[in-house]
Amino acid sequence: MTVHPVRPEFVPDPALSQTEMEELQRDIAAAARFEDEMDVLPEAITRTGDAPDVDQTTLSTSADDRTEPPFIAGVDQAFVDDKAVSAIVVLQNGEVIERVSAVERTEIPYIPGLLSFREGGAILAAFAELETDPDVVLVDGSGRIHFREAGLATHIGVTLDVPAVGVAKNLLCGTPEQSLDERYPEGTRIPITADDSVETCPDGTVIGHALQTRQYDSPNRHINPLIVSPGHRVSASTAADIVEATADGYKLPEPTRLADSYADEAKATVE
DNA sequence: GCGACAG
DNA sequence: ATCTTGTCGC
């Protein structure tokens, strides 16, 4: 079956002018849904070895009461010269169900705010190889935390019309409600609100969270929080719930970690 | 002009 | 993102 664009008009075209790219992003943001519209609830996400302590049939929002835990996909890229390698790893109940990768030439350099036009082609090529239909996709980078609310996770999510979450290591824009330089305990969530740099929504709108998925025991050194934002069909708080539920002892959620290493592995195959 | 910016 | 050994501090 494989995963293909449902909105072909949103497929990122690196040949567009910067102004056209920004226009497209505004259209994508208008089509994006930053509220919960998934088929499964985050409570249904299980880790490896987790006992199915909850009745899966109560964890679905769809009529066709599913009995299976959700499919969570992680997407990440690696680069070799002018080639982008995109890797997707799908997990269910903490176990790898499928892995695919694709290689595409990068046509433009990295430009803050226009990342999807550099990496999007490779990502969509990888999805075209994917047999599994993921319930939600974790994309490396921003979703709604973006100048036009159309980061990479939003672009991919809306184009494929799949629930998507943005998982970034650094903040692109927006204002954290508390300093991100302090040491916070695991589980801490700090809202990121829109400011003047987010030109498409009112100041103060919560567009994502800093999420402390891991922390050292000693007060001396600390780990920086992840930056999590909704991509498509998820709310900001549910996006954080999903990342928290898929994190398993490391800073990055498992689908993202595994996609990261698989991308590196696939990179060795590229010349 | 300066700042500031995912991967 | 990528180039890369040791090393600081659990």
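Sequence lines set the chain letters: A, B, ... in the order given, protein chains first and strands last, and positions in each chain run from 1. Below, all heavy atoms of this structure are taken into account, side chains as well, without hydrogens, waters or symmetry copies.
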Residue pairs meeting side chain to side chain donor-acceptor pair (under 3.5 Å), one or both in residues 179-192 of chain A, sequence neighbours left out, come to A/Arg189-A/Asp241, A/Arg189-A/Glu244

Where at least one partner belongs to residues 165-178 of chain A, residue pairs that pass side chain to side chain donor-acceptor pair (under 3.5 Å), sequence neighbours excluded
A/Thr175-A/Asp195

First locate atom CD1 of A/Ile72, then atom CD of A/Gln92, and finally report the distance between them rounded to the nearest 0.5 Å.
9.0 Å

Would a 4.5 Å heavy-atom cut-off, applied to side chains only, mark A/Met38 and A/Val136 as touching?
yes

Any chance the side chains of A/Glu149 and A/Thr200 put a donor and an acceptor closer than 3.5 Å?
yes

Nucleotide B/dG3, atom P - distance to CZ of A/Phe147 in whole Å
16 Å

Within the 6.0 Å centroid threshold, strictly below: A/Phe117 and A/His155
yes

Using the side chain to side chain contact (heavy atoms under 4.5 Å, CB included) criterion, which residues pair with A/Thr132? Sequence neighbours excluded.
A/Phe71, A/Val90, A/Ile97, A/Glu98

Given protein heavy atoms under 4.0 Å, the one-letter contact record of nucleotides 3-10 of chain C, with B base, S sugar-phosphate only and - none, is simply ------SS

Tell me the interatomic distance from A/Ile145, atom CD1, to B/dA4, atom C1', rounded to whole angstroms.
16 Å

Could you check whether A/Ala84 gets within reach of a base, just the sugar-phosphate, or nothing at all, counting any heavy atom under 4.0 Å?
nothing

Return the residues of residues 152-173 of chain A meeting this criterion: a heavy atom under 4.0 Å from some atom of DNA chain B. Order them by number, or give none.
A/Leu152, A/Ala168, A/Lys169, A/Asn170, A/Leu171, A/Leu172

How long is the line joining CD1 of A/Ile123 and P of C/dA1, in whole Å?
13 Å

I need the CZ-C1' distance between A/Arg118 and B/dC5, as an integer number of Å.
15 Å

When the distance from CD of A/Gln77 to C1' of C/dT2 is rounded to whole Å, what number comes out?
15 Å

Cation-pi check, A/Arg257 to A/Tyr250: give yes when NZ or CZ is under 6.0 Å from the six-membered ring centre and within 45° of the ring axis, no otherwise.
yes

Side chain to side chain donor-acceptor pair (under 3.5 Å) partner of A/Arg233, chosen from A/Asp36, A/Thr238, A/Asp39, A/Asp161
A/Asp161

Starting at CG of A/Asp82 and ending at C1' of C/dT2, how long is that distance when rounded to a whole Å?
14 Å

Salt-bridge criterion met for A/Glu199 and A/Arg26 (N-O under 4.0 Å)
yes

Rounded to whole angstroms, how far apart are CG on A/Asp264 and C1' on C/dA1?
10 Å

Ignoring hydrogens and geometry beyond distance, is a side-chain donor-acceptor pair present between A/Thr46 and A/Asn93 at under 3.5 Å?
yes

Could you state the CZ-C1' distance from A/Phe117 to C/dA1, rounded to the nearest angstrom?
19 Å

Within residues 103-115 of chain A, those residues having any heavy atom closer than 4.0 Å to DNA chain B are A/Tyr110, A/Pro112, A/Gly113, A/Leu114, A/Leu115

